[in-house]
Amino acid sequence: MQIFNSRKIEYKDKIRAIATDEEVKLRIVVPRHMSCSGASLCVHKENEDSVHYAMFWAGMCGNDFEYWELHFTASTAGLYWYHFELETPWGKSLVKNTGGGAGDITADGVDFQQTVYDKDFKTPEWLKGGIIYQIFPDRFNNSGVPKQGVRESRVMRDWGDEPFWKEEQMNGVWNNDYFGGDLKGIEEKLPYLADLCVSCIYLNPIFEANSNHRYDTADYERIDPLLGTEDDLKSLCKKAKEEYGISIILDGVFSHTGCDSKYFNIYNNYDSVGAYNSKQSPYFSWYKFIDYPNDYHSWWGIKLLPEVIEEDESYREYICGKDGILRKWLRCGIGGWRLDVADELPDIFLDDLRKAVKDENENAIIIGEVWEDATTKFAYGERRRYLLGEQLDSVMNYPFANAVLDFVKFHNADVFFDSVLSIIENYPPQVTNVLMNHIGTHDTERAINRLAGEDCEGHNREWQYEHNKLSAYDYLHGISMMKCASLLQYTLPGVPSLYYGDEVGMQGLKDPFNRGCMQWTGGNEELLRWYRRLGEIRRGCKAFQEGEFVPVYCSHKTIAYKRCDNTSEVLVAMNLDDMDVTFNIGAEWENSYTLLGDITPTSMLTLPPYHYAVITRIK
């Protein structure tokens, strides 16, 4: 028997972050042969001194073990680290985390983490239980509506052609090939997205910029003319929400601008006086010049993307002020913001951003791009406080993405559960319920390539071009793997985020191969039907909104877990082994209903090789 396990309810009654002033009951189970005369909880808040709390003896556990317990609360938000200390005739023994939440007597373990968030912290209800659909606007759908004010230098391509990837194709200007996807084109496809049960569309940047990805903002106040107009955005938001219940969120790129912008204006393409043009520019204080004007800090050393000083008061007012950029587009009907490289935005900016967004619309969502556990992230020389109640509502859930894809590809059940439970344990529940659970984005190779193709890390674009398409056999195998990955993605805590085209089996390694035109004909219909069914299941089961995640079975290449709320349960099981696996799920499942899979539920569940099952029951 373990002395402690932070991921088991019999030791810790809340396996998650807790609110300020909320009690969490901690229990340790101590062997009698240790002759323990006293136990204490040793806690220290980040950067503060440790505090010892005496535990009380709470009775016997059989003949050979005894319980020691206490209730812990914290009055201020932050990260708290703890271990247990036992007084024995042989001296003091420390119980620390030896991995996976298990606590044992050790000199080499680490402290357990307890996240404490502000008790007034709320996240928007409308996204819980939903589905996000990510669109790279230039490549989704071209309405054919004529556009005004588009630079003649843009290279327009035929829909479906391969994006430029060779340097000679670029003619010295990178990312200058366009396929003409636009906001009206997205509006035309709202019925298609509704059939996928989408509740939120996340758009990569749509503001005027001088590259097809538009992460080099030229004017935050204007929609890129190739995408349409401000009225087009208003029309899209209105129709999506009123007719289909779909909200639109925009990509906010606030850590840098384009050098070819009205703010920097290195090429004098804008009428404004940019920071590059004059030290008297209203934008001069926004940038970090080393040797004016040609030497300046830029994002990851890319001179096309001069860094912004987000602490600058005039910049914060421009973005977060009462008539700033955030509020302007919220007033057009958008449902929130996804923040590019949120871990590169300082606290003062994120604090102002949240206040501006929530003052304008308390139900607007704020999702940050953070690739690691967002509760333990270090940036700007300090531990960040993204999820404690004053900054983000959610983050892009890369830990879940890696857990899902790695399990489907490498079949390690223990690693899968450890990755999932680590996030659930550390995050506030209201954050967990709106996590952006993707398995592929514009920044990564497409999921089907990652699952069924070769690893592209460290390879250049020429190699990726040669390995961009899977063989016929690997593609069919990839479709099967995509079903498994998406099943997990759609049933884990949080909100699945579907990258456009993944639902029809689009292929592509990294940028630009993962940013091809949406395949409106000739896609994999079997996979599309699968995604539609997953959407129906998700929409029909309330347990996916805020239901608890409960591990049921974990062995080698097989997993099972439940999502449970007050009225119903859904059990998800997957066997990626090459042999039958049978395990006990309990007599209560004998009269359950099968949503996916071809099994008949009993108290013992048998899964053939490479099979899955989704079953549900009313409590």
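Owing to the predicted nature of the structure, the values given are computational and were not obtained by experimental measurement.
Between Gln430 and Asn433, the side chains place no donor N or O within less than 3.5 Å of an acceptor N or O (distance only, hydrogens not considered). Side-chain atoms of His611 and Asn575 include no donor-acceptor pair closer than 3.5 Å. In the model, Thr491 has a side-chain atom that pairs as donor or acceptor with a side-chain atom of Tyr561 under 3.5 Å. Thr106 and Asp108 share no side-chain donor-acceptor pair at under 3.5 Å. A donor and an acceptor atom, one from each side chain of Trp589 and Thr602, are nowhere located under 3.5 Å apart. Judged by distance alone, the side chains of Asp406 and Asn412 never bring a donor and an acceptor atom under 3.5 Å apart. Side-chain contact of Glu188 with Asn141: a donor-acceptor pair under 3.5 Å is present, judged by distance alone. A donor atom on one side chain and an acceptor atom on the other are found under 3.5 Å apart for Asn204 and Gln134. The closest side-chain donor-acceptor pair between Lys12 and Gln114 falls under 3.5 angstrom.
The side-chain heavy atoms of Asn402 and Arg450, taken from C-beta on, include a pair separated by under 4.5 Å.
Here the rule is side-chain contact (heavy atoms from CB on, under 4.5 Å) with Ile201, and of Ile249, Ile135, Leu250 only Ile135 fits it. Here the options are Tyr490, Tyr499, Tyr398, Tyr500, the test is ring pair (Phe, Tyr, Trp, His ring centres under 6.0 Å), and the partner is His438; only Tyr398 passes.
The pair Glu390-Arg354 does not meet the salt-bridge criterion, since no charged nitrogen lies less than 4.0 angstrom from a carboxylate oxygen.
Take Asp474 and apply the salt bridge (charged side-chain N to carboxylate O under 4.0 Å, His left out) test, not counting sequence neighbours, and it matches no residue. Evaluation of the side-chain hydrogen bond (donor to acceptor under 3.5 Å, both in side chains) rule for Lys241 yields Ser247 as partners, not counting sequence neighbours. Residues meeting the salt bridge (charged side-chain N to carboxylate O under 4.0 Å, His left out) test with Lys128, sequence neighbours left out: Glu125, Glu546. The side-chain hydrogen bond (donor to acceptor under 3.5 Å, both in side chains) check on Glu242 picks up Lys238, with sequence neighbours excluded. Residues forming a salt bridge (charged side-chain N to carboxylate O under 4.0 Å, His left out) with Asp340 (at least two apart in sequence, or on another chain): Arg338. Contacts of Glu22 classified as side-chain hydrogen bond (donor to acceptor under 3.5 Å, both in side chains), with partners at least two apart in sequence or in another chain: Arg16.
Scanning all heavy atoms of the two residues, the minimum distance from Leu236 to Glu187 falls at N-OE1, 3.5 Å.
For the pair Arg27 and Tyr11, the cation-pi criterion (under 6.0 Å, within 45° of the ring axis) is not fulfilled.
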Go through the steps for Thr115 and Gln113 under the test side-chain hydrogen bond (donor to acceptor under 3.5 Å, both in side chains), then give the verdict. CA-CA 6 Å; Thr115 309; Gln113 176 183 332; 3.0 Å; yes

